[in-house]
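Heads up, the thing below is written out as C-alpha cells.
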Amino acid sequence: MNPAQLSATVVEALASLVDQGTLVLPDGVPTEVTVERPREASHGDYATNVAMKLAKKAGTNPRALGELLATELRSAAGIAQVDVAGPGFLNVTVAADAQGQVAADILAAGTSYGATASLAGERINLEFVSANPTGPLHIGAVRWAAVGDALGRVFEFCGAEVTREYYFNDHGGQIDRFSRSLLASALGEPAPEDGYGGQYIHDIAAAVVAAHPDAPGLAFEEANEAFRAAGVEMMFDEIKKSLHDFGVDFDVYFHEDNLHKSGAVDRAVARLGELGNTYEQDGALWLATERFGDDKDRVIIKSDGQGAYLSGDLAYYLDKRERGFGRCFIMLGADHHGYVQRLMAMCQAFGDTPHVNLEVLIGQMVNLLQDGAPMRMSKRAGTVVTIDDLVGAIGVDASRYALARYSSDSPIDLDLGLWTSASNENPVYYVQYAHARTCRMIANATDLAMALPGEGFDGSLLDHERDRALLRALADFPAVVSSAAELREPHRIARYLEDTASAFNKWYDTKECRMLPQGDEPVTPTNEARLVLVHATNTVLANGLGLLGVSAPERM
RNA sequence: GCCCCCGUAGCUCAGCUGGAUAGAGCGAGUCACUUCUAAUGACUUGGUCGCAGGUUCGAAUCCUGCCGGGGGUGCCA
C-alpha cells in the first residue's frame, strides 16, 4: 500500500458513506485526498486531514466525520488500524502484507518504477546553457547543464516529449571582442582593453594559425573575420565536447542568424503588429509590453533599422510554438532575471498564456570555495572556473549531483574539498555507496542460490519497524518524482535519495533484519522477502540517480 | 525609486501547493566493528523559523508593512 493507493482507499470509503446516506457532500466526493507521513512514529504509517477538510461542507465536525470514516476504513483491504487523533487527523497503520507488497510492486515495475503519465502528450522545449561561444563554459552555465538536463529527464519520466535546445549567436559585440582577442594573440599583441584573457585564447589562436597560416597577415577586417569564423567553430566544438562528457547532449543547436535570414523576425514582428501590439515612435518600432505588465515598452526594431536583441527572442519563441511545443522553458541566470517580465509580456502579446506556454526558470549564482575561501573569478584575467575545471577537480558524478541538489532559488557555495571526500558528509557518495551495497548483497544472495520468491512472496514477513520505514521511503518515490516535475525542482530527487539511502543503511544495520542466513542456517522465506526489499531499494536508488544523470556504480 | 531571490541550529541547507512536539548533514561529546562493503549505525548537544501585524480550528509555510544580504533595472548582446 503506497500513499496513492491509500488515497484511493479513503476516497472509496467516502463514496461508500455517501451511498449509504450517512454522509452528505454537496461538492461530491473528491478524486484524491492528502496523505502524508506523520512525523511521530506513534501516529501510524500515514495520516490524512480529509475529515478536517470536509467537515464544514458536510455539516458536521472533524472528529465526528473522522470517527465515521475510521469505522468505514477499518474494514477496507490492507488497513490494519485507524485512529482519530488531535483535531481530526486519521492515523492509518497499513497491514503488514499490504505494506510489504510495495517491495514486490517495485520489483515488477523495475526501471519504470516512479514513472507516471502526468505529462503524457506534452511537448516540452527546454532551452538551457545557451552560452555564446566566446570561451569555455563557466561554472554558472554548468549549473543549468546539470539542473536543466535533470529536469528534462524528470519530465520524460512523467511521460512528456522533451527537446533540449541550445540557442547561440556567433555575431555581435561579444564575438567581436573574442575574435579581436584571438587576432591580437596571434600577432603577439596584448589583449584588447575590453577583450578576453586566459590561456584558451592563446591556444585557440594558435590552432587557427595552424589551420590558416595566412590569416594573421590579412587586412584587419579580413583577418578578424577569419579568426571569428574559425575560432567560434573551435570554441563551440570544445563546448559541445565538454557538455557531452558531462552527460548532456542537446537535440537542437539553434542559431540566432537563422531567424534573421529566414524572415522569421519579420514574420514575428508582423504578427505582433496585426495583434495591435506594436507602434512607431522616434523612428523605432516598439512592442507595447507595458500593457502586459512590463515596466515600460520595448524597442524591437531600432531607429537604424536593425533588430534589437528582443526581436530575435520574439522570433525564436514564435518559432518554437510553430514547431509544436506547447510548453517552452528558458533557463536563465539570476543576472538575467530583469528580462523575465518582458519575455512574459511578449508571450502575452502573441496571445499566449504566460507561465503556461512560456516558463522562465531563474537560477542563482554559484560560488566555488577552496579550503573555505572563495575562488575569485575574472574574465579579463582568464581565471574563470570552467566546466572542465570543475569536472577535473571532483568528477562528473559529484559535479552533477552537487549542482542539482540545491534549490535553484539558493545561491550555491561549493566546497571542492567536501565533494571529493569519501564520507557521508559527501551526499553523492552516501547515495552511491548505498546502491553499491545493495548490489553486493544481491551478489551474495546469488552465491547462496537464494531465489526471488515470486508468487510465494509474503509481504507480511517485512514487519520490523525498520522494514516498514524503508518500505515507506520506497513507496514515496513516485510522488517525489511528480512533485519534482510539477514544481520544476529536481533537487527534490536528490534530497529524497539521501533520505532513502539513510533508511536503507539503518535497516542494514539492524541485526533483526539481516538478509542472508547466518552460518549454516537454511534460507527462509523471510530471507527471501528481504532479498526482494534489497532489490526494490536497488531499483529506487538506480532510477533516482538516473534522473539526476549520476551513475549508480555496482561497487565502490 | 522600481523588480526578482534569500533570511530556519555554531556552519551548509531541507521543509514553504497551511497540519500534530520544526528536520538532515557537518561541527562538538559519547558509544558500537571475528561486518551482509564501517564510504555505516546508535545516543547527546544545539532554534524568539529576520521583526511586527493580519487571515483561521491551525502559519516556518498564505497576505501586508518594515529590517538585513545578494542580483537586476540599455534603441548592449
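Note that these values count all heavy atoms, side chains included, but never hydrogens, waters or copies made by symmetry. The sequence lines fix the lettering, A, B, ..., with proteins before strands; numbering per chain opens at 1.
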Under the rule for salt bridge (charged side-chain N to carboxylate O under 4.0 Å, His left out), what residues qualify as partners of [X], not counting sequence neighbours?
X      : result
A:D447 : none
A:D257 : A:K261
A:D467 : none

Taking only the side-chain nitrogens and oxygens of [X], find out if one of them lies under 4.0 Å from OP1 or OP2 of [N].
X      : N     : answer
A:Y508 : B:A42 : no
A:K506 : B:A42 : yes
A:Y429 : B:A39 : no
A:R492 : B:U17 : no

Please work out whether the ring planes of [X] and [Y] are parallel, tilted or perpendicular, with thresholds of 30° and 60°.
X      : Y      : result
A:Y196 : A:F178 : perpendicular
A:F254 : A:Y316 : tilted
A:F168 : A:Y166 : perpendicular

Considering every strand and a 4.0 Å limit on heavy-atom distances, what is the contact class for [X]: base, sugar-phosphate, or nothing?
X      : result
A:S407 : sugar-phosphate
A:A85  : base
A:A55  : nothing
A:H43  : base
A:D176 : nothing
A:N444 : sugar-phosphate
A:A434 : nothing

Taking only residues at least two apart or on different chains, which pairs with a member in residues 290-302 of chain A satisfy salt bridge (charged side-chain N to carboxylate O under 4.0 Å, His left out)? A:D294-A:R298

Say we look at [N] and [M]: how far apart would their [atom1] atoms be, to the nearest angstrom?
N     : M     : atom1 : result
B:C51 : B:A32 : P     : 42 Å
B:U34 : B:A22 : P     : 39 Å
B:C57 : B:G69 : C1'   : 37 Å
B:A59 : B:A52 : P     : 15 Å
B:G19 : B:G29 : P     : 37 Å
B:G71 : B:U56 : P     : 40 Å
B:U44 : B:C6  : C1'   : 32 Å
B:A28 : B:G54 : C1'   : 41 Å

Let me know the distance between [atom1] of [X] and [atom2] of [N], rounded to the nearest Å.
X      : N     : atom1 : atom2 : result
A:F504 : B:U40 : CZ    : P     : 13 Å
A:D499 : B:G15 : CG    : P     : 11 Å
A:L90  : B:G19 : CG    : C1'   : 13 Å
A:L332 : B:U73 : CG    : P     : 13 Å
A:Y401 : B:C13 : OH    : P     : 15 Å
A:R405 : B:A24 : CZ    : P     : 14 Å
A:D509 : B:A42 : CG    : C1'   : 8 Å
A:M441 : B:U40 : CE    : P     : 16 Å

Between A:Y46 and A:N91: side-chain donor-acceptor atoms closer than 3.5 Å: no

Counting only heavy atoms not in A:E554, do more than 12 sit closer than 6.0 Å to its CD atom? no

Is it true that atom CD of A:E233 has more than 12 heavy atoms of other residues, nucleotides or ligands lying nearer than 6.0 Å? no

Applying ring pair (Phe, Tyr, Trp, His ring centres under 6.0 Å), name anything that partners A:F477, two or more places apart in sequence or on another chain. A:Y113, A:Y496

Residue A:S483, side-chain heavy atoms: nucleotide from B:U17, B:G19, B:G41 that is nearest: B:U17

Minimum-distance nucleotide to A:Y406 side chain [options: B:G15, B:A20, B:U12]: B:U12

Flag the pair [X] and [Y] as a salt bridge only when some basic side-chain nitrogen lies within less than 4.0 angstrom of an acidic carboxylate oxygen.
X      : Y      : answer
A:D176 : A:R228 : no
A:E127 : A:K320 : yes
A:E512 : A:R466 : no

All N/O pairs under 3.5 Å across the protein-nucleotides 45-49 of chain B interface:
none

Could you go over nucleotides 74-77 of chain B and give all protein N or O partners under 3.5 Å, atom names and distances?
residue : atom : partner : partner atom : Å
B:C75   : O2   : A:S303  : N            : 3.1
B:C75   : O2   : A:S303  : OG           : 3.2
B:C75   : N4   : A:D282  : O            : 3.4
B:A77   : OP1  : A:K302  : NZ           : 3.1
B:A77   : O3'  : A:N169  : ND2          : 3.0

Measuring only between side-chain heavy atoms, which start at C-beta, is A:S408 closer than 4.5 Å to A:Q364? no

Here the side chain to side chain donor-acceptor pair (under 3.5 Å) pairs for residues 476-494 of chain A, sequence neighbours left out, are A:R37-A:D476, A:E359-A:R488, A:E489-A:R492

Pairing residues for A:K56 by the side chain to side chain contact (heavy atoms under 4.5 Å, CB included) criterion, not counting sequence neighbours: none

Determine the stems involving RNA chain B; a stem requires 3 or more consecutive pairs of the Watson-Crick or G-U wobble kind, each with both distances below 3.5 Å, and the answer is none if no such run exists. B:1-7 with B:67-73, B:10-13 with B:23-26, B:27-32 with B:40-45, B:50-54 with B:62-66

I need the single residue from A:L462, A:D45, A:V94 that forms a side chain to side chain contact (heavy atoms under 4.5 Å, CB included) with A:L471. Which is it? A:L462

Taking the side chain from A:N169 and the backbone from A:H171, do they hold a donor-acceptor pair closer than 3.5 Å? yes

If you assign A:C513 and A:D413 each to the RNA chain B nucleotide with the nearest heavy atom, which residue ends up on the more 5' nucleotide? A:D413

Review item, nucleotides 55-60 of chain B N/O atoms under 3.5 Å of protein N/O:
residue : atom : partner : partner atom : Å
B:C57   : OP1  : A:K56   : NZ           : 3.3

For the side chain of A:D335 and the base of B:G72, is some donor closer than 3.5 Å to an acceptor across the two? no

Heavy-atom contacts, protein to nucleotides 1-8 of chain B, under 4.0 Å, summarised as B (base), S (sugar-phosphate only) or - (none) per nt, yield --BBSS--

